[in-house]
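Notes follow once the structure below has been shown.
Being a predicted model, the structure only gives us computed values, none of them experimental. All values below were derived from every heavy atom in this structure, side-chain atoms included, with hydrogens, water molecules and symmetry-related copies excluded. Residue numbers count from 1 along this sequence.
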Amino acid sequence: MLLAASCGLGMFCILLARRLHRLNNLESGIGGAIAVMSAEVDRLDRAIRKARAEASVASEALAEEIAQARGEREMWDLRQKMDAGFAIGSQSRSPVSRRLRKRLPEDVNA
(Lines give C-alpha, C1' and ligand atoms only; values in the text may rest on other atoms or scores of the structure.)
Protein backbone atom coordinates (compact mmCIF):
# COMPACT_ATOMS: atom_id res chain seq x y z
CA MET A 1 0.00 0.00 0.00
CA LEU A 2 2.83 2.37 0.86
CA LEU A 3 4.57 1.47 -2.41
CA ALA A 4 1.41 2.17 -4.44
CA ALA A 5 0.90 5.56 -2.71
CA SER A 6 4.50 6.59 -3.32
CA CYS A 7 4.25 5.57 -7.01
CA GLY A 8 1.05 7.63 -7.33
CA LEU A 9 2.70 10.65 -5.70
CA GLY A 10 5.76 10.24 -7.96
CA MET A 11 3.54 10.26 -11.07
CA PHE A 12 1.69 13.31 -9.72
CA CYS A 13 5.02 15.11 -9.17
CA ILE A 14 6.16 14.27 -12.72
CA LEU A 15 2.85 15.62 -14.08
CA LEU A 16 3.21 18.86 -12.07
CA ALA A 17 6.83 19.28 -13.22
CA ARG A 18 5.76 19.00 -16.88
CA ARG A 19 2.97 21.53 -16.41
CA LEU A 20 5.32 23.93 -14.66
CA HIS A 21 7.85 23.53 -17.48
CA ARG A 22 5.14 24.37 -20.06
CA LEU A 23 4.04 27.43 -18.07
CA ASN A 24 7.60 28.74 -17.88
CA ASN A 25 8.28 28.18 -21.58
CA LEU A 26 9.39 31.55 -23.02
CA GLU A 27 7.73 30.99 -26.40
CA SER A 28 4.24 29.75 -25.54
CA GLY A 29 3.76 29.88 -21.78
CA ILE A 30 3.38 32.50 -19.11
CA GLY A 31 7.10 33.20 -19.25
CA GLY A 32 6.70 34.33 -22.86
CA ALA A 33 3.74 36.47 -21.95
CA ILE A 34 5.70 38.07 -19.14
CA ALA A 35 8.66 38.72 -21.45
CA VAL A 36 6.38 40.32 -24.06
CA MET A 37 4.63 42.42 -21.43
CA SER A 38 7.96 43.57 -20.03
CA ALA A 39 9.11 44.66 -23.49
CA GLU A 40 5.82 46.50 -24.05
CA VAL A 41 6.13 48.27 -20.70
CA ASP A 42 9.62 49.45 -21.65
CA ARG A 43 8.38 50.63 -25.05
CA LEU A 44 5.45 52.50 -23.49
CA ASP A 45 7.73 54.06 -20.90
CA ARG A 46 9.99 55.43 -23.65
CA ALA A 47 6.94 56.70 -25.57
CA ILE A 48 5.61 58.48 -22.47
CA ARG A 49 8.97 60.13 -21.81
CA LYS A 50 9.16 61.29 -25.42
CA ALA A 51 5.59 62.62 -25.30
CA ARG A 52 6.33 64.51 -22.07
CA ALA A 53 9.41 66.10 -23.61
CA GLU A 54 7.47 67.13 -26.71
CA ALA A 55 4.62 68.50 -24.58
CA SER A 56 7.10 70.51 -22.53
CA VAL A 57 8.65 72.03 -25.66
CA ALA A 58 5.21 72.78 -27.11
CA SER A 59 4.10 74.33 -23.82
CA GLU A 60 7.12 76.63 -23.73
CA ALA A 61 6.55 77.66 -27.35
CA LEU A 62 2.88 78.34 -26.63
CA ALA A 63 3.78 80.45 -23.58
CA GLU A 64 6.12 82.53 -25.76
CA GLU A 65 3.41 82.97 -28.40
CA ILE A 66 0.90 84.04 -25.75
CA ALA A 67 3.32 86.57 -24.30
CA GLN A 68 4.02 87.96 -27.77
CA ALA A 69 0.30 88.15 -28.56
CA ARG A 70 -0.36 89.99 -25.30
CA GLY A 71 2.38 92.49 -26.12
CA GLU A 72 0.95 93.01 -29.59
CA ARG A 73 -2.52 93.45 -28.13
CA GLU A 74 -1.25 96.07 -25.69
CA MET A 75 0.48 97.93 -28.54
CA TRP A 76 -2.70 97.80 -30.60
CA ASP A 77 -4.78 99.11 -27.68
CA LEU A 78 -2.26 101.92 -27.13
CA ARG A 79 -2.40 102.89 -30.82
CA GLN A 80 -6.19 102.92 -30.71
CA LYS A 81 -6.14 105.16 -27.64
CA MET A 82 -3.58 107.47 -29.23
CA ASP A 83 -5.60 107.69 -32.46
CA ALA A 84 -8.72 108.45 -30.45
CA GLY A 85 -6.83 111.11 -28.48
CA PHE A 86 -5.48 112.73 -31.66
CA ALA A 87 -8.95 112.72 -33.18
CA ILE A 88 -10.41 114.45 -30.11
CA GLY A 89 -7.50 116.90 -29.96
CA SER A 90 -7.80 117.85 -33.64
CA GLN A 91 -11.53 118.53 -33.23
CA SER A 92 -11.01 120.85 -30.27
CA ARG A 93 -8.33 122.90 -32.08
CA SER A 94 -10.41 124.48 -34.77
CA PRO A 95 -8.99 127.68 -36.33
CA VAL A 96 -11.91 129.72 -35.00
CA SER A 97 -11.41 128.75 -31.36
CA ARG A 98 -7.65 129.29 -31.43
CA ARG A 99 -6.51 132.33 -29.50
CA LEU A 100 -3.21 134.07 -29.84
CA ARG A 101 -1.29 135.20 -26.86
CA LYS A 102 -0.64 138.87 -26.53
CA ARG A 103 2.99 139.83 -26.67
CA LEU A 104 4.31 141.94 -23.93
CA PRO A 105 6.94 144.56 -24.70
CA GLU A 106 9.59 142.42 -22.96
CA ASP A 107 8.87 139.43 -25.23
CA VAL A 108 9.35 141.48 -28.40
CA ASN A 109 12.97 142.26 -27.60
CA ALA A 110 13.82 138.72 -26.61
Side-chain angles (χ1 to χ4, degrees):
M1 186 107 156
L2 189 59
L3 187 62
S6 59
C7 284
L9 285 175
M11 294 299 268
F12 183 68
C13 287
I14 292 172
L15 180 67
L16 286 178
R18 285 184 183 171
R19 286 184 181 178
L20 184 62
H21 187 277
R22 276 186 275 166
L23 283 176
N24 289 333
N25 187 357
L26 290 177
E27 292 181 13
S28 63
I30 291 180
I34 290 172
V36 169
M37 288 174 60
S38 177
E40 287 297 313
V41 167
D42 289 339
R43 186 185 63 80
L44 289 173
D45 187 40
R46 286 192 304 269
I48 289 171
R49 287 183 186 171
K50 183 179 176 184
R52 280 186 183 158
E54 290 175 358
S56 176
V57 169
S59 174
E60 291 171 1
L62 182 61
E64 290 175 9
E65 290 289 329
I66 289 171
Q68 183 180 2
R70 284 183 179 155
E72 290 174 0
R73 177 64 186 199
E74 289 173 1
M75 289 295 293
W76 186 81
D77 287 342
L78 181 62
R79 285 183 187 157
Q80 293 297 319
K81 288 177 183 177
M82 289 175 61
D83 289 344
F86 288 140
I88 291 172
S90 66
Q91 290 174 356
S92 66
R93 291 185 190 163
S94 64
V96 175
S97 66
R98 184 175 162 202
R99 293 188 182 192
L100 296 176
R101 177 174 70 105
K102 289 184 182 180
R103 290 186 183 201
L104 298 174
E106 304 127 15
D107 291 339
V108 174
N109 294 335

To the nearest 0.5 Å, what is the distance between [atom1] ([X]) and [atom2] ([Y])?
X     : Y     : atom1 : atom2 : value
Met75 : Met82 : CE    : CE    : 8.5 Å
Ile14 : Leu9  : CD1   : CG    : 11.5 Å
Leu20 : Cys13 : CG    : SG    : 12.0 Å
Leu78 : Asp83 : CG    : CG    : 9.5 Å
Arg43 : Ile48 : CZ    : CD1   : 10.0 Å
Leu44 : Met37 : CG    : CE    : 11.0 Å

Inset, instruction - Check whether more than 12 heavy atoms from other residues, nucleotides or ligands sit under 6.0 Å from atom CG of Leu15, and answer yes or no. - result: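 Atom CG in Leu15 is packed in, count exceeds 12.
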Inset, instruction - State which residues pass side chain to side chain donor-acceptor pair (under 3.5 Å) with Arg46; sequence neighbours excluded, sorted by chain then number. - result: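 Counting only residues at least two positions away or on another chain, Arg46 forms no side chain to side chain donor-acceptor pair (under 3.5 Å).
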Legend entry - Set of residues satisfying side chain to side chain donor-acceptor pair (under 3.5 Å) with respect to Glu72, sequence neighbours excluded: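 With sequence neighbours excluded, Glu72 shows a side chain to side chain donor-acceptor pair (under 3.5 Å) to Gln68, given in chain and number order.
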Legend entry - Check ion pair Asp77-Lys81 (N to O, under 4.0 angstrom): no
Inset, instruction - Measure from the side-chain N and O atoms of Ser6 to the backbone N and O of Leu2, and report whether any donor-acceptor pair falls under 3.5 Å. - result: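 Checked: pair present.
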